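Taking it in order: structure first as structure tokens, then the write-up.
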There are 2 protein chains.
Amino acid sequence: MSPPPLTPTGRVILGMIALGRQTGYDIKQFVDKSTRFFWAASYGQIYPELRRLEEQGLISGQPEPRGGRARTVYTLTPAGEAAFTDWLDDADEELPFEVRAEGMLKLFFSDAGTPEQRLRNLSAMRDSHQRTLDQLRALHDKPVDMPTGPRLTLELGIGLHNLIVEWCEAADRRLTTEATTDAD
Amino acid sequence: MSPPPLTPTGRVILGMIALGRQTGYDIKQFVDKSTRFFWAASYGQIYPELRRLEEQGLISGQPEPRGGRARTVYTLTPAGEAAFTDWLDDADEELPFEVRAEGMLKLFFSDAGTPEQRLRNLSAMRDSHQRTLDQLRALHDKPVDMPTGPRLTLELGIGLHNLIVEWCEAADRRLTTEATTDAD
DNA sequence: AGGTGCATGTAACAGGTTACATGATTAA
DNA sequence: TTAATCATGTAACCTGTTACATGCACCT
């Protein structure tokens, strides 16, 4: 009886269309320079999901070829708009926050290795987050005017990766000092 | 020719056995109060993976029933120890860091809603991370002496969730001020 | 007698990535 | 002419969760 529930990816797509993204390709490009640091998506998900959303009557696609190049432009139906704003309005639902961090895993198990190994892994982790941080800052410094939502999440992302980088550096100093003190 | 590569979950299991966890059940309990904040695992993964690791000769299981209750105790084989320390020793490999944060998604799209909606979602996100923070602090304050690795990752976890909570509060203040200023 | 914890396991499903295939358009 | 970009799509695979089934041990 009830319609199939919106999947998280479905909601992202709805949101992206609400923000003016028109095609599957367009959505993917935009995700890659905006939400990808806290929500990634691949073509393998996007195109099938666009189909499903259209079957459910939440979006509707019109063929709008550019030259000889096939192209389908999507817009939200009233039902799609309602589903999206219902989701935004529901502040009671659980907010899953899942992390998979291999660097932290290595750190967690680092007592099984040598102190030098631990410091090398710490440093690799630092570098990896520094690279992400650089990308986020590049996005942030670009002089395009950004809506409040994207700006907020970008700033939080910068804060997060910055914390990790600084924490790695602090941990490195602490561990190095301990090692030196032990050697004395 | 080459052996099937170790999966991330396989490495976690190897590590847990190296840390003295003996059974699948034991590993699951321990994951749930240690790595789960940056690496979760379910029985549906653990038991099949134990089988695969044994087939690959990296661990070996001895039946050690407790009373009439079936129980299999696993230990690392020399090959398993080697595979595990090889992984720890490789500081050049990529360190995937993946996040799926629905709260940030709602924030990202919040320009499509009202300012009040945005503040409610911000507050829900704050509460959710505060709950996680409380759990992490409870773990941290328990007077068990923790190896350096687990202690480091726990402290980083606390720092991360604490940053998010504080950032949510700061964003709330900023947005509230802006709204008030606009209304003047 | 009943609840909690210990212990093992799987089938069905959901979610997501990778690699591939195809082809037009545009800028160098 | 060739590389990059626009654009769509799928099949095979991998990873992981949920829900269920089973049964003993221990405490109250």
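Keep in mind that the numbers below use all heavy atoms, side chains included, and drop hydrogens, waters and symmetry copies. If you're wondering where the values come from, they're calculated on a predicted model, not measured in any experiment. Each chain gets a letter, A, B and so on, in the order the sequences are listed, and its residues count up from 1.
Applying the 4.0 Å criterion to OP1 and OP2 of C/dG16, one finds that A/Thr9 has a side-chain N or O inside that range. OP1 or OP2 of C/dT8 has not a single side-chain nitrogen or oxygen of B/Tyr25 nearer than 4.0 Å. One finds a side-chain N or O of B/Arg100 lying less than 4.0 angstrom from the OP1 or OP2 phosphate oxygen of C/dG16.
In this structure, CD of A/Glu49 is placed 10 Å from C1' of C/dG15, rounded to the nearest angstrom. With rounding to whole Å, A/Arg11 atom CZ is found 14 Å from C/dA14 atom C1'. Atoms CZ (B/Arg69) and P (C/dT4) sit 16 Å apart, rounded to a whole Å. If you take CD of B/Glu98 and P of C/dG15, they are 17 Å apart, rounded to a whole angstrom. Rounded to an integer number of Å, the gap from CD of B/Gln45 to C1' of C/dA14 is 14 Å. In this structure, CD1 of A/Ile27 is placed 17 Å from C1' of C/dG16, rounded to the nearest angstrom. Straight-line distance from the CZ atom of B/Phe30 to the P atom of C/dA7: 16 Å, rounded to whole Å. With rounding to whole Å, B/Leu50 atom CG is found 14 Å from C/dA7 atom P.
Ionic pairing of B/Asp32 and B/Lys28 is present here: one or more N-O contacts between side-chain nitrogen and carboxylate oxygen are shorter than 4.0 angstrom. By the 4.0 Å N-to-carboxylate-O rule, B/Arg52 lies close enough to B/Glu49 to be salt-bridged with it. Salt bridge annotation for A/Asp145-A/Arg151: absent, with no cationic side-chain nitrogen under 4.0 angstrom from a carboxylate oxygen.
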Donor-acceptor contacts, no H, no angles, side chain residues 59-69 of chain A, under 3.5 Å, sequence neighbours left out:
| unit_1 | atom_1 | unit_2 | atom_2 | d |
| --- | --- | --- | --- | --- |
| A/Ser60 | OG | A/Gln62 | NE2 | 3.0 |

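Residues B/Leu139 and B/Leu156 fall into different hydrophobic clusters, defined by Ile, Leu, Val, Met, Phe, Trp and Tyr side chains chained together at heavy-atom separations under 4.5 Å.
Panel note: side chain A/Ser123, backbone A/Leu119; no donor-acceptor pair is recorded below 3.5 Å.
When DNA chain D is scanned 5' to 3' for any atom under 4.0 Å from a heavy atom of chain A, the first and last hits are D/dT5 to D/dG16.
Rotation axes derived from the C1' atoms of the five outermost pairs at either end of the helix from C/dA1-D/dT28 to C/dA28-D/dT1 lie 30° apart, to the nearest 10°.
Side-chain contact check for B/Asp134 and B/Gln130: at least one donor-acceptor pair (N or O, by modelled atom type) lies under 3.5 Å.
Ring planes of A/Tyr43 and A/Tyr47: parallel class, angle under 30° (limits at 30 and 60°).
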